[in-house]
Structure formats: C-alpha cells, structure tokens
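What follows is a set of notes on a single structure, which appears directly below.
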Amino acid sequence: MPSVRVLVPVLALSLLAVSACGGGDEPETAASTPAATATAPQTPDAAPTDTPATPAFDGEEFTVTITGSKVAPRPSIQKVAKGTKVRITVTADADDELHVHGYDKSAALKAGEPATVEFTADVSGRFEVETHGAHLLLFTLQVS
Amino acid sequence: MVIAHGIGGRQDLPIPLEVLMIGAALAVLASFAALGLTWQRSKFRADAGRPVPAWLQAFADSRVTRTVLRLVGVLGTLATIVAAAFGPSGNANPAPWTVYVIFWVGLVFASLAFGPVWKLLNPLRAVHRGIALLSGGKPLARYPAGLGYWPAAVGLLAFTWMELVAPDRVEGWALLTWFSIYAAVMIVGSTVFGTEFFDKADPFEVYSSFIGRMAPIGRHEDGHLVFRNPFDGLVGLRPAPGLVAVLCVMLGSTAYDGFTRSPWWVGQVQDGPLPPTLMSTLGMFALVLIVAVTYWLCTYSAGPGGPGELAHSLIPIAVGYLIAHYFSLFFYSSQSAFILWSDPFGTNADYLGVGDFAVNFELLPVWLLAVVRAGAVVAGHIFGVFSAHDRAVALLPTRRALTGQLPLLLLMVFYTVGGLFLLFAT
C-alpha cells in the first residue's frame with residue numbers, strides 16, 4: 001500500500017513539473033524525494049498547484065501548514081543531530097514571516113504559497129520555529 | 001524561555017536522565033538528613049556574621065559610591081527609555097533585552113552576590129529625592145502596616161505577566177506603558193508614605209532584597225556590614241502581610257515559564273477554544289495559585305503562624321529555579337544586548353565597536369549547563385530544607401517539631417523533583 005500512496009503525489013508533482021517547465025528534465029529527481037510525499041495529499045486534484053518538484057535533499061525536512069491559528073502537525077519537539085541539514089517548508093493561509101530563532105533564519109510567507117528556509121543545524125540547543133506576525137509556535141527544533 | 005518569543009532565541013537542551021536521577025536522590029537524601037540527623041535547637045541568627053574590614057564598610061557607605069551607583073541607575077534607565085521610544089521595533093531594539101535580561105535576570109545574580117542592590121540603583125529613589133527637595137520631604141502618612149508586601153506581590157505578578165504572557169512584550173511602547181504606570185504608582189506612593197514605600201511596595205526592591213538575603217555580605221540593623229552564611233541572612237526575614245504572596249508569585253511564575261516551554265502547552269494555547277492571551281494568563285495564575293495553596297496547606301500544620309514564619313525557606317528554592325531557567329539566557333543574551341547597544345537606533349552605527357561580533361552559542365558545554373541547572377535546583381532545595389528545619393525547631397516544642405515540618409519537607413521534595421522533571425522533560 002505505501003508504495004501506491006507514494007506514487008500518486010509523485011506522479012502529480014512530476015506532471016506539474018513537466019507542464020511548468022515545458023520540458024522533461026525534472027521527473028527523475030522528483031521521484032527520488034520520498035520525504036516530499038510524507039505530508040502530501042493523497043489525491044492528485046488536492047495537490048499543491050504551484051509547487052515545483054524539489055531536488056533530492058540529504059537532510060531532515062519539516063513541513064508545516066498553518067490555517068488561522070491552527071498549526072498542522074501540532075507543535076512538538078523535533079530532534080536532529082548536530083550538523084544535519086534542515087529544510088523547513090511552511091504554507092500559511094495569511095501573509096506572515098517565518099522565523100527560526102537562534103539561527104535567525106527568516107522567510108516571507110505569502111498566503112497559500114509554500115516558503116522554505118534551509119540551513120545546517122550546527123549549533124546545539126533548542127530553537128523555536130515560529131511566525132512573527134501571529135506569534136505561532138510551529139515546532140521546536142532540538143539540535144544535539 | 002524565551003523571555004518571550006523574540007528575546008533569547010536559544011533554549012537549553014533538556015538535562016540528561018542521569019542528572020535528573022542524581023539530583024532527585026540528593027534532594028531526598030538531604031531532606032532526610034534535615035529531618036533526623038541534625039540539630040534540635042535553632043542555630044541560625046539574624047545577628048550572626050563576621051564584620052567586614054573597615055575599608056570595605058567605608059567604601060560601601062561612602063557618598064561617592066552611593067552617587068555613582070545612583071547615576072548608573074538613572075543613566076541606564078534614561079538610555080533604555082530613549083532606545084525604547086526611538087529605536088527599531090521588536091527584538092532589534094536593545095531596550096527589551098536590557099529590561100528582561102540585564103535588569104530582570106541580572107538582578108537575581110547581582111542580589112545574590114551583593115545583597116539588595118536595587119535599593120542603591122533604583123532611579124525612582126532619585127526622582128523621590130528631587131520631589132522631596134522641592135516639597136520639604138515630609139511623608140503625608142505612615143505606610144499602613146496591614147499593607148505589608150502586598151503591593152510588591154501585585155507588582156511582581158504584573159511584571160511577570162508582561163514578561164511571560166503579554167503578546168507585545170518586546171515592543172518599546174509596551175515597555176514604556178508598563179513602566180510609566182509602575183513609576184507613577186511608585187512616585188505617588190513614596191510622596192505620600194516616604195521611602196518606606198520603596199522598601200515594602202516596590203516589586204523590584206522587594207525581589208532584590210529577598211534574594212539578597214542569601215548574599216555572602218549583609219547588613220545588621222545597626223548598619224554594620226558582615227560576612228555571613230545564607231542561612232543567617234534568610235532567618236532575618238520576618239513574617240509580614242504579603243510575604244508569602246511575593247514568594248508564591250516568584251515560584252509560580254518561574255514554574256510557568258518552564259512549563260510553557262513544552263510544545264504540548266503551546267499546542268493547547270494555540271488550538272484551544274480561548275484566546276491565547278487569556279489561556280496563558282489563566283495558566284500562569286493557576287500555577288501561582290497552586291504554589292500558594294499547597295504551601296499554605298503544608299505549613300499550617302506548624303501552627304497558624306507557620307506560613308509566614310517558614311516563608312524565608314522558599315527563597316532558596318525560588319533562586320534555584322531562577323538560576324536553572326535563566327543562567328544560560330543571561331550568559332548569551334547579555335552579549336546580544338551589548339551588541340545591540342552598539343547600534344541602538346538601527347542607523348548602522350557602531351558606538352561600542354562590537355557590531356561585527358556574533359554570540360557564540362557553543363561557549364558553555366552542554367554537560368556544564370546540565371550540572372549548573374540541576375545543581376542550582378538541588379542546592380536551593382538543600383538551603384530551603386535546612387532553613388525550614390531550623391525555624392521549625394525554634395517554633396515548635398521538640399516532640400512536635402518533627403511532625404510539624406514534615407508536610408513542608410514533602411512539599412519541597414515535590415517542588416524540587418517537579419522542577420528537575422521540568423528541566424528534563426521540556
């Protein structure tokens with residue numbers, strides 16, 4: 001079963017990438033990112049319409065969706081080993097600013113559009129990932 | 001804490017399980033020692049201590065020292081007001097860092113080292129001096145004895161509410177609003193009741209003087225400075241209205257701060273049916289209330305005067321919590337504050353020449369932080385337990401001393417193990 005669930009969004013993303021780029025140079029990289037499917041919707045018509053296929057990423061990926069003051073998945077502590085590459089993708093339903101404390105990484109959030117920050121977690125400690133406007137905690141990144 | 005979403009940024013890693021276990025074991029062991037193996041007659045005295053060298057006494061009491069300290073307080077306050085009013089918004093401004101880190105957390109360490117320092121720095125005492133010069137300076141009324149420390153307890157609750165709950169706590173306008181109200185109350189109060197109002201009603205002076213009772217240096221009633229052990233300093237804190245309330249606010253708000261670091265609590269606040277600010281406010285008040293009720297129940301067994309008589313033994317426990325929660329914050333964020341003061345108005349200035357400096361969050365080894373944090377909680381517990389024991393044997397007849405202090409002892413073990421668990425789990 002899992003293999004089928006994985007295939008649907010991958011196919012959708014691949015098709016989108018193909019149609020967006022007008023060429024066929026992306027599909028194989030899209031198919032090699034199983035992490036991207038972890039929180040992806042299960043039906044093609046609900047798939048994000050403007051997400052380009054992402055290249056392979058050799059680190060930890062976190063995906064958060066904000067609806068009003070609801071954060072999905074609910075805030076938790078996410079542990080990564082020191083030195084890991086971290087990619088955080090956030091989609092909010094209102095304009096805001098994404099901020100990773102301590103590392104001081106920010107990204108502008110446009111309503112409905114995923115925004116991404118990427119960095120190497122090379123400082124140990126706990127760091128809140130939050131939005132600056134609505135003061136929402138998305139999760140706490142624990143680096144040790 | 002983040003003393004806010006905004007200030008701080010880096011939080012400590014949880015303490016390892018071994019440190020939790022060793023700490024809890026030590027706390028329980030010390031409690032049994034206090035109960036069974038120790039003295040049966042009170043031995044701590046507020047008038048104990050060795051006199052300090054004459055030059056130190058002269059230095060501490062000299063006009064120059066006093067004036068310099070007051071000037072530091074006044075100028076530091078003025079600079080912070082200017083930065084808060086005209087600097088950049090949010091945590092790019094040095095003002096919130098100065099208030100929450102240098103002043104509020106720094107006050108714990110400075111008081112612990114030197115005693116009630118805020119009395120000497122408090123800029124509002126200078127304002128009061130100015131007003132007294134103009135008006136003749138006679139207080140209009142005596143400070144009502146029944147009021148005691150209650151105004152300070154309310155003030156502390158109001159400040160910790162702003163520090164831990166208020167959504168815009170790092171904004172300059174919020175700081176200026178809070179401190180304007182506080183200053184107005186203090187100026188009116190001290191004009192009516194004289195300087196005694198600062199001693200009893202100023203939340204920061206009371207906070208500093210309570211913590212300062214554990215300082216290695218203290219002042220006798222006749223004005224002589226002495227070196228003394230923290231137990232002898234603590235025992236000098238006599239029961240007064242509002243005393244227990246101040247300590248419950250200190251303990252409850254710090255516990256709330258530890259508790260709210262858990263993503264579980266944040267999830268409750270963000271997803272809950274109540275507005276987040278209301279939910280956080282209720283959470284903080286609830287913890288203060290839990291501390292108050294449990295303390296009251298566990299000390300009343302030592303007699304109706306028990307809660308007040310034993311209150312000084314809560315100071316070390318509160319101080320242990322404070323160090324555990326704010327040691328690394330103070331270490332790292334005071335550096336951030338210093339860097340921001342180099343460019344207080346966001347004009348790309350570099351007045352202090354440290355603009356390129358970046359805080360190195362790896363300076364303190366993880367194991368050292370774990371030992372300091374757990375060690376502070378356990379040390380606070382040990383000081384608290386022995387202070388309580390000493391007061392209990394003074395208060396109660398020998399055969400009741402043991403049973404009378406048992407509930408408080410168990411409560412302290414609960415506070416300490418709970419505090420360690422917060423350091424481990426959140």
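Just so we're on the same page: letters track the sequence lines, and every chain starts at 1.
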(request) Describe, in one word, how the ring planes of A/Phe139 and A/Phe62 are oriented to each other, choosing from parallel (under 30°), tilted (30 to 60°) and perpendicular (over 60°). (result)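 Ring orientation of A/Phe139 relative to A/Phe62: tilted.
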(request) For the residue pair B/Phe259 and B/Trp265, categorise the inter-ring angle as parallel (less than 30°), tilted (30 to 60°) or perpendicular (more than 60°). (result)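 Aromatic pair B/Phe259/B/Trp265 classed tilted.
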(message) I'd like to know if B/Glu362 and A/Lys82 make a salt bridge, using a cut-off of under 4.0 Å between side-chain N and carboxylate O.
(response)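 Yes, charged N to carboxylate O under 4.0 Å.
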(message) I'd like to know which of A/Ser144, A/Ser124, A/Gly68 tops the heavy-atom pair count under 4.5 Å against chain B.
(response)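 The residue among A/Ser144, A/Ser124, A/Gly68 with the greatest pair count is A/Ser124.
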Between [X] and chain B, with a heavy-atom cut-off of 4.5 Å, which part of the residue counts as in contact: side chain, backbone, both or neither?
| X | answer |
| --- | --- |
| A/Val143 | backbone |
| A/Thr140 | side chain |
| A/Asp104 | neither |

(request) Return yes when atom CZ of B/Phe86 has more than 12 non-hydrogen atoms of other residues, nucleotides or ligands closer than 6.0 Å, and no otherwise. (result)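 For B/Phe86, atom CZ is not crowded (no more than 12 foreign heavy atoms under 6.0 Å).
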(request) Pick one of side chain, backbone, both or neither for B/Asp12, based on which atoms fall under 4.5 Å of a heavy atom in chain A. (result)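 Only the backbone of B/Asp12 comes within 4.5 Å of chain A.
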(message) If we count only N and O atoms by modelled type, under 3.5 Å, do the side chains of A/Gln78 and A/Gln142 hold a donor and an acceptor together?
(response)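 No pair is found: no donor N or O on one side chain lies under 3.5 Å from an acceptor on the other.
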